[in-house]
Amino acid sequence: GQQVMQIPQYQHVQEGEDFTTYCNSSTTLSNIQWYKQRPGGHPVFLIQLVKSGEVKKQKRLTFQFGEAKKNSSLHITATQTTDVGTYFCAPEGLIQGAQKLVFGQGTRLTINP
Amino acid sequence: GAGVSQSPRYKVAKRGQDVALRCDPISGHVSLFWYQQALGQGPEFLTYFQNEAQLDKSGLPSDRFFAERPEGSVSTLKIQRTQQEDSAVYLCASSQYRGRQPQHFGDGTRLSIL
């Protein structure tokens with residue numbers, strides 16, 4: 001089963017509103033990746049966070065890695081209809097050295113234009 | 001092609017039949033992963049190859065599932081004696097090296113077992 005908790009599971013916003021999804025783990029993570037999956041599509045890599053307290057920005061998207069490396073967040077400013085999709089956090093292998101990604105349940109974002 | 005290619009895109013099989021799903025990763029990518037994605041869920045890890053070596057198959061649900069990558073490029077996921085609970089999207093991903101690499105996903109094979 002999944003070992004990361006992602007909240008909320010669903011989020012519906014008006015276009016132009018902000019959106020945040022959170023990813024929480026009970027164990028320390030070595031790194032975390034974020035992916036976006038459009039309806040009917042496949043996951044697409046967005047970003048990787050490695051360092052404690054790291055913050056990375058991609059245009060309207062801001063990604064954070066917690067100081068304790070147990071949580072992460074993705075914040076979208078002023079959502080657009082193109083942001084629709086499911087956002088997954090994916091820590092790399094909760095076992096040291098493991099290669100696999102452990103995907104969260106995802107946060108499904110829908111937007112009212 | 002520049003991306004990960006999977007075939008077929010859709011597969012319908014009767015319960016009890018065997019199926020084979022193909023993944024053609026990005027050329028030169030060392031790592032190859034198979035995931036199973038149920039409706040409304042995140043992808044769940046099945047197995048991992050580094051070149052031709054299957055280094056992790058801990059996610060395979062049963063011994064009916066078998067994967068191979070004999071020459072370190074194309075991979076096949078085989079499911080024997082399919083059951084209805086095998087219905088899902090099967091995603092293949094590849095990455096250039098091992099560890100801490102973005103994974104590039106194919107479009108997946110949607111498997112429906114009747």
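The structure displayed is predicted, hence computed values, not measured ones. Order of the sequence lines sets the chain letters (A, B, ...), proteins ahead of strands, with each chain counted from 1.
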Is it true that, when you exclude [X] itself, more than 12 heavy atoms of the residues, nucleotides or ligands shown sit nearer than 6.0 Å to its [atom1]?
X	atom1	result
B:Lys57	NZ	no
B:Glu71	CD	no
B:Leu39	CG	no
B:Arg15	CZ	no

At what distance, to the nearest 0.5 angstrom, does CD of B:Gln103 lie from NE2 of A:His42?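 With rounding to 0.5 Å, CD (B:Gln103) is 12.5 Å from NE2 (A:His42).
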Nearest 0.5 Å, what's the OH-CG distance between B:Tyr35 and A:Leu101?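 So the OH of B:Tyr35 and the CG of A:Leu101 are separated by 4.0 Å.
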Does any backbone or side-chain atom of B:Ser58 lie under 4.5 Å from a heavy atom of chain A? Answer side chain, backbone, both or neither.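 When you check distances to chain A, only side chain atoms of B:Ser58 fall under 4.5 Å.
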Tell me, for A:Gln6 versus chain B, whether the close heavy atoms (under 4.5 Å) come from the side chain, the backbone, both or neither.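 Contact with chain B: none, neither part.
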For A:Val50, which atoms come within 4.5 Å of any heavy atom of chain B: side chain, backbone, both, or neither?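 Side chain of A:Val50 only, per the 4.5 Å heavy-atom cut-off to chain B.
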Is there a side-chain contact between B:Phe105 and A:Phe45 (heavy atoms, below 4.5 Å)?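 No - every pair of side-chain heavy atoms lies 4.5 Å or more apart.
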Check whether any side-chain heavy atom of B:Pro43 sits under 4.5 Å from a side-chain heavy atom of A:Tyr35, and report yes or no.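 No, too far: nothing below the 4.5 Å cut-off.
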Only pairs of heavy atoms separated by less than 4.5 Å count here; which of A:Ala90, A:Pro43, A:Gly106 has the most with chain B?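 Most heavy-atom pairs under 4.5 Å with chain B: A:Pro43.
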Leading residue by heavy atom contact count with chain A [cutoff under 4.5 Å; candidates B:Gly108, B:Ala93, B:Gly106]: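 Among B:Gly108, B:Ala93, B:Gly106, the one with the most close pairs to chain A is B:Gly106.
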For the candidates B:Val89, B:Val4, B:Asp107, B:Leu91, which exhibits the highest count of non-hydrogen atom pairs separated by less than 4.5 Å from chain A?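 Of the candidates given, the most pairs with chain A belong to B:Asp107.
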Cluster check [X], [Y]: I/L/V/M/F/W/Y, side chain < 4.5 angstrom:
X	Y	value
A:Leu61	A:Trp34	yes
B:Trp34	B:Phe66	no
A:Leu46	A:Leu109	yes

Once side chain to side chain donor-acceptor pair (under 3.5 Å) is applied, do any residues pair with A:Thr86, and if so which ones, sequence neighbours excluded?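 Side chain to side chain donor-acceptor pair (under 3.5 Å) check on A:Thr86 returns nothing, list empty.
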Are any side-chain N or O atoms of A:Gln33 and backbone N or O atoms of B:Gln101, one a donor and one an acceptor, separated by less than 3.5 Å?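 Such a contact is found between A:Gln33 side chain and B:Gln101 backbone.
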